[in-house]
Chemist: 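For reference, the structure I am asking about is given below.
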Amino acid sequence: MPLPPDSASPSPDSAPVFRVQVAVHTPVHSGVGGLLTYTHTTALPPGTLVRVPLGNRELLGVVWDSPADAEPVPNAQLKPVRSVLDGLPPLDARWRRLVAFAAQYYQRSLGEIALTGLPPALKDMTAEQLARRLAPKSKKLSKKAQAALDAQAVADAAAPAPALPPTIALSAEQQGVCAQMDQHPGPFLLYGATGSGKTEVYMQRVQQALLAATDTGFPTQALVMVPEINLTPQLLERFTARFAPQFGPQAVVSMHSGMTNPQRLKSWLAAHTGQARVLLGTRMAVFASLPGLQVIVVDEEHDPSYKQQEGARYSARDLAVWRARSQGAQVILGSATPSLESWHASEPADSGGPGRYLRLHMPSRIGAAELPRVRLVDMRQQPRKAVFSPPLIAAITERVQRGEQALVLLNRRGFAPVLFCADCNWKSDCPHCSAHQVFHKGDRTLRCHHCGFTQRVPHACPECGNPDILPLGKGTEQLEEELERLLRNVQRPDGNPARVGRIDADTTRLKGALEQQLDQVHSGEIDVLVGTQMVAKGHDFRRITLVAAVQPDGALFSSDFRAPERLFCLLMQAAGRAGRDGSYVAAQDSRPEMWVQTQDPEHMVFQALRQHDYPRFAQRQLREREDAGMPPFAFQALVRADARTQEAAQDFLRAASDAARQGELPHLDDVFLYPPIPMAMQRVADVERAQMLIEATDRRALQRFLHAWQPWLHWVRGQPQHKSLVRWLVDVDPQSL
DNA sequence: AGCACGCCGACT
DNA sequence: GTCGGCGTGCTC
């Protein structure tokens, strides 16, 4: 095969040849899952980005290793590196260590993790384009930014002590927490009520890190993670307002999946080169190259979105803790309702806990009203079929008449979760999934929320022709409609009729729609807001004084042992939306309230919520988990199989566990292999799904077992009797079962 | 994972 | 007669 004419074209046969081991984006199986060996005219430093041929395509890869000793003769079996992205500083050893750890821990290939940590735009960029990117684009601006950076570097060198006063005075509580963080290496679990001013603490810590002197001369950096894209803009604004004056207009950048490829590339390069000092982003940001990293903040650390649910199933929160420890950075996990894993890890050693994290408590709500009073409505005592109990409607009416706002939460979008024929029992089942198609009244469709399959609403029962097909159950769309009806004659203080609005994934599909609708709430155009959990998180609503969860019970029927924890977090967070602005509440002379309608008001989730008693809830949950041998007292992994039939999916899993037993894998006696079972959502888009739980009391035993098992799983998958398997995957530390 | 090659149905 | 479906196999 003729070699391409290229700048990196091969040297004459007599010249020495260096072997280069490169990580490329290939899965662990596929025969080329490991490092691939290429040749080059020089030894390339590890971390160098290169383009290499694989088959008939060219891939971006990261040099992982390149032995310094050359071989005299080129190896005809090996292809040369096509080109080297010089000009870009190699990714440092700490980043490579993080990637290596994540790849091993989550059972993926090095290249797969490495390439998810790199901006996609880098893949299809030539060395020239990259050089242009790295060079100052607008000379004036970047000179200025550079000058600011230089000035800062000079100032840092001259005055290494944090000389600048914090922009906002911290409360005694916040100062106390910061002082503890000065005395202790961390990790820290910052347990602070909603509105307790956790963000100010984060900013103080970030500021301190940015002002710290280093011996490398590389600018110090901070990584701040948030669970959702929606929450980045407002935090970005606060961090930019705080740090841009000191560290330059480019000092704060963000990174999340909603950005375009060029935007992501820009942020990544800024972080990699040290121009950016603060990187604010979602879980993907944990893999960003941050050579000067000094502090990591994981806000709302309990949030399940930190666990990636596709491809490499990593936990950005757990990796953040690992990354910080591995490179001597501080890490702060913050939450008003910490995950039970983190809560347990922060049980002090002197009371028998692991004491791995230092727990810091901020109980006071700064500038916010007192905690909302929780009112539990026993729905068994209320008129049947009513979504809104009369006392709740009366309370909402009263708030509206006083000019206050109410938030009504229901985690189910659409009008009704299913249509039903009373004559023949037909239900609007999705033909492709084991789920109902949801009735959306607005566009007269039946939609499956799992596979997207959409149909027009039939005028009569498709089975028996009965024209009276009925919506069963309630979704946000229906709640909005019913509230409009119930509040039709209610007037606001200004004499205008009450206005009801709705925010969920359906109303915010268009870009900018969420911001626009939030503005409507802020400006007071909307009096009662109906929404799914997307509005329960993070947003600051000044005038909302009443929050209601109308049907939270469903979440408790889940077989997942984490269901109570998730519901409790959600309700606590929702409660935190009420009375955010203490001065407003005081002026109104009202008390914020959280209403919960339930069939089981005695349930400990609701009782703990009523007391605002997270510690008690956590303690009881942890005791149950310990008794039942569940996380965080045990470690789990899940092997999942997808196939055309449930039988085929389970057959694969059974064969896999047989292989583990026959292969005499290490630690086989220390892990427990459960029998395969269908997933809770058994069929999605005509694919049957099964799963098998693996449990161990020792994390390392589980890790070693999984590692040894991996080749057996490939082998089983290759057997002819498992040809019909669509895919299989391993999920380490699964976050839902 | 991509991307080839390769062998069977509905269309210009 | 071609376009194109996705089954099998290979990539340092």
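All of these numbers come straight from a predicted model, not from anything done at the bench. Letters A, B, ... are given to chains in the order of the sequence lines, protein chains preceding strands, and every chain is numbered from 1.
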Chemist: Using a strict 4.0 Å threshold on nitrogen-to-oxygen distance, state whether A:Lys537 and A:Glu300 make a salt bridge.
Modeler: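 The answer is no: the pair does not qualify as a salt bridge.
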Chemist: Can you tell which of C:dC12, C:dT8, B:dA1 lies closest to the side chain of A:Arg57?
Modeler: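 When the side chain of A:Arg57 is considered, B:dA1 is the closest of C:dC12, C:dT8, B:dA1.
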Chemist: Could you give the CG-to-C1' distance, from A:Leu36 to C:dC12, as a whole number of Å?
Modeler: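 It works out to 5 Å between those atoms.
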Chemist: Roughly, in whole Å, what's the span from CG in A:Leu59 to C1' in C:dC12?
Modeler: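 Whole-Å distance recorded here is 11 Å.
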Chemist: Would A:His302 and A:Ser339 count as a side chain to side chain donor-acceptor pair (under 3.5 Å) here? Give the steps.
Modeler: CA-CA 4 Å; A:His302 63 275; A:Ser339 65; over 6 Å; no
Chemist: Atom CZ of A:Arg82 to atom P of C:dC12: distance rounded to whole Å?
Modeler: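 Spelled out: CZ on A:Arg82 to P on C:dC12 is 9 Å.
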Chemist: Can you measure A:Lys79 atom NZ to C:dC12 atom C1' for me and round it to whole angstrom units?
Modeler: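 One finds 8 Å between C1' of C:dC12 and NZ of A:Lys79, rounded.
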Chemist: Side chain of A:Pro27, heavy atoms from C-beta onward: which of C:dT8, B:dA1, C:dC12 has the nearest atom to it?
Modeler: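 Given the options C:dT8, B:dA1, C:dC12, the side chain of A:Pro27 is closest to B:dA1.
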Chemist: Taking the side chain of A:His29 as its heavy atoms from C-beta onward, which of C:dT8, B:dA1, C:dC12 lies nearest to it?
Modeler: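 Of the options given, the side chain of A:His29 lies nearest B:dA1.
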Chemist: Please give, in whole Å, the distance from C:dG9 C1' to A:Lys723 NZ?
Modeler: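 For the pair A:Lys723 NZ and C:dG9 C1', the rounded distance is 10 Å.
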Chemist: Given B:dA4, is OP1 or OP2 found less than 4.0 Å from the side-chain N or O atoms of A:Asn56?
Modeler: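 Checking A:Asn56 against B:dA4: at least one side-chain N or O falls below 4.0 Å of OP1 or OP2.
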Chemist: Go through A:Tyr674 and A:Glu695 one step at a time and tell me if the side chain to side chain donor-acceptor pair (under 3.5 Å) criterion holds.
Modeler: CA-CA 8 Å; A:Tyr674 285 83; A:Glu695 209 167 64; 3.1 Å; yes
Chemist: Within this structure, what is the CD-to-C1' distance between A:Glu112 and C:dT11, rounded to whole angstrom?
Modeler: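 It is 16 Å, rounded to the nearest whole Å.
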Chemist: For A:Leu60 and B:dG2, give me the distance from atom CG to atom C1', rounded to whole Å.
Modeler: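 It works out to 15 Å between those atoms.
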Chemist: Could you tell me whether A:Thr37 contacts a base, only the sugar-phosphate backbone, or nothing, with contacts defined as non-hydrogen atoms closer than 4.0 Å?
Modeler: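 Base contact.
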Chemist: Search all heavy atoms of A:Arg264 against all heavy atoms of A:Pro120 and return the closest pair with its distance.
Modeler: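 Scanning both residues completely, I find the closest heavy atoms to be NH2-CD, 3.5 Å.
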Chemist: Rounded to the Å, how far apart are A:Glu58 CD and B:dA1 P?
Modeler: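 Checked: the CD to P distance equals 22 Å.
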